[in-house]
Peer 1: 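Quick one: the structure is below, and I'll ask about it shortly.
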There are 2 protein chains.
Amino acid sequence: MDENSQSLKTYTKLIRAAETALSCTQKHLSPQDLTLSQFGVLEALHHLGPLCQKELGQKILKSSGNITTVIDNLERRGLVRRERSSVDRRYVTVKLSSTGASLIQEVFPGVENLITEGLSCLSELEQDILAASCKKLGRAMEESPFSPK
Amino acid sequence: MDENSQSLKTYTKLIRAAETALSCTQKHLSPQDLTLSQFGVLEALHHLGPLCQKELGQKILKSSGNITTVIDNLERRGLVRRERSSVDRRYVTVKLSSTGASLIQEVFPGVENLITEGLSCLSELEQDILAASCKKLGRAMEESPFSPK
DNA sequence: TCTTGATGATTCAATGTCGAACCATCCACA
DNA sequence: TGTGGATGGTTCGACATTGAATCATCAAGA
């Protein structure tokens with residue numbers, strides 16, 4: 001098989017696997033009315049503690065404008081609080097509220113199980129290799145002339 | 001490392017690699033004002049010939065409602081034509097127009113190069129393994145209780 | 001102190017996307 | 001023949017996302 005065509009097929013399989021996984025996760029979260037982005041934010045705050053919006057944007061790979069609306073929606077539901085940083089007033093640090101904390105603690109294990117079960121079709125070694133290849137690939141594409149910013 | 005945490009990390013790397021790749025492709029296409037979905041449709045028509053909208057939806061993993069608007073936009077630009085099937089009038093077969101055909105022929109090689117170059121950080125063997133793992137994973141997640149339909 | 005450039009956040013318009021309701025068409029079966 | 005269920009496509013409302021423009025704030029240097 002020629003090299004281009006092989007690469008395309010690999011690329012397609014990667015994309016589709018990721019989209020299938022995301023779609024499953026999304027469906028798993030929909031009963032709680034959580035978007036993937038909202039879940040990503042809650043999960044980041046849960047595991048890393050309070051973060052400013054720029055950091056959140058980098059964590060979940062979304063534009064700054066989008067982060068604002070995601071936080072808006074989380075704040076409206078009382079899952080999260082905004083606080084202007086006193087040391088540098090440009091920054092807004094986002095913190096989990098207590099209801100936000102309990103929601104993510106309640107929801108996260110289910111997502112973890114879903115993912116763990118999905119990935120259980122691969123051996124530990126296979127998972128390591130997959131992770132390593134994805135990491136390499138991610139880096140390589142970031143260096144492309146069309147890198148995401 | 002415990003098994004859950006390993007799976008999560010692998011999952012995250014997979015998702016991020018895919019999103020980085022998609023984002024690069026998107027940026028590559030934006031000068032032609034083509035969406036990833038629009039490109040996906042043109043590419044499918046280019047390589048597989050005329051298809052009905054349901055088939056297109058399966059190819060690019062989008063909802064039927066969305067396919068309608070994607071085709072609307074492509075048709076408005078004259079890149080594509082709709083034809084009611086005469087044998088079963090429920091079906092709408094979508095065909096590339098001549099300008100659509102030349103656009104995809106002009107654009108596709110660049111995308112192919114972008115992807116091939118990105119994936120060139122992996123050996124052929126590594127690519128094969130990556131593809132196989134993604135395929136397995138995709139199948140496994142489709143059997144999950146939260147499978148995408 | 002003032003100005004300039006950089007940076008984080010917000011706003012806004014345009015668009016993509018989904019899911020549900022709906023319409024048209026076909027098919028199987030009585 | 002005709003009726004009911006299945007199927008492909010469209011419409012519509014709700015929301016996510018982006019990118020550009022804008023605002024507020026900070027830091028560095030004249």
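Hydrogens, waters and symmetry mates play no part in the numbers below; they use all other heavy atoms, side chains included. Throughout, a chain's letter reflects where its sequence line sits, starting with A, and its residues are numbered from 1. Treat the numbers as computed from the prediction; the structure is a model and nothing was measured.
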Peer 1: Atom CD of Gln26(A) to atom P of dA16(D): distance rounded to whole Å?
Peer 2: 10 Å
Peer 1: Taking the minimum atom-to-atom distance to the side chain of Ser63(A), which one of dT18(D), dG16(C), dA16(D) wins?
Peer 2: dT18(D)
Peer 1: By nearest atom, which of the nucleotides dC26(C), dT17(C), dT17(D) is closest to the Thr35(B) side chain?
Peer 2: dT17(C)
Peer 1: Between His46(A) and Gln105(A), is there a side-chain heavy-atom distance shorter than 4.5 Å?
Peer 2: yes
Peer 1: Could you pull out the closest heavy-atom pair between Gly138(A) and Thr20(B), with the gap in Å?
Peer 2: O-CG2, 4.0 Å
Peer 1: Rounded to whole Å, how long is the line connecting atom CG of Leu22(B) with atom P of dT17(D)?
Peer 2: 14 Å
Peer 1: Is there a side-chain contact between Glu126(A) and Lys136(B), using heavy atoms and a 4.5 Å cut-off?
Peer 2: yes
Peer 1: Is Arg89(B) atom CZ crowded by more than 12 heavy atoms from other residues, nucleotides or ligands, each under 6.0 Å away?
Peer 2: no
Peer 1: Under 4.0 Å: is that the gap between some side-chain N or O of Asn73(B) and OP1 or OP2 of dT15(C)?
Peer 2: no
Peer 1: All N/O contacts under 3.5 Å from nucleotides 7-10 of chain C to the protein, with atom names and distances to one decimal?
Peer 2:
| residue | atom | partner | partner atom | Å |
| --- | --- | --- | --- | --- |
| dT7(C) | O2 | Arg90(A) | NH1 | 3.4 |
| dG8(C) | OP1 | Tyr91(A) | OH | 3.4 |
| dG8(C) | OP2 | Lys54(A) | NZ | 2.6 |
| dA9(C) | OP1 | Gln53(A) | N | 3.1 |
| dA9(C) | OP1 | Val92(A) | N | 3.1 |
| dA9(C) | OP1 | Val92(A) | O | 3.4 |
| dA9(C) | OP2 | Lys54(A) | N | 2.6 |
| dT10(C) | OP1 | Arg82(A) | NH1 | 3.3 |
| dT10(C) | OP2 | Gln53(A) | OE1 | 3.0 |
| dT10(C) | OP2 | Gln53(A) | NE2 | 2.6 |
| dT10(C) | OP2 | Thr68(A) | OG1 | 3.1 |
| dT10(C) | OP2 | Arg82(A) | NH1 | 3.2 |

Peer 1: Considering all heavy atoms of both residues, which atom of His28(B) and which atom of Gln32(B) are nearest to each other, and what is their separation?
Peer 2: O-OE1, 3.9 Å
Peer 1: Search all heavy atoms of Ser37(A) against all heavy atoms of Asn66(A) and return the closest pair with its distance.
Peer 2: OG-ND2, 4.5 Å
Peer 1: Hey, does the side chain of Gln38(A) come within less than 4.0 Å of dC15(D)'s phosphate (OP1/OP2), counting only N and O?
Peer 2: no
Peer 1: Just to be sure I understand the rule, does Thr69(A) reach a base, reach only the sugar-phosphate, or reach nothing, if contact means heavy atoms closer than 4.0 Å?
Peer 2: base
Peer 1: May I have the distance from Lys27(A) (atom NZ) to dC18(C) (atom C1'), rounded to whole angstrom?
Peer 2: 9 Å
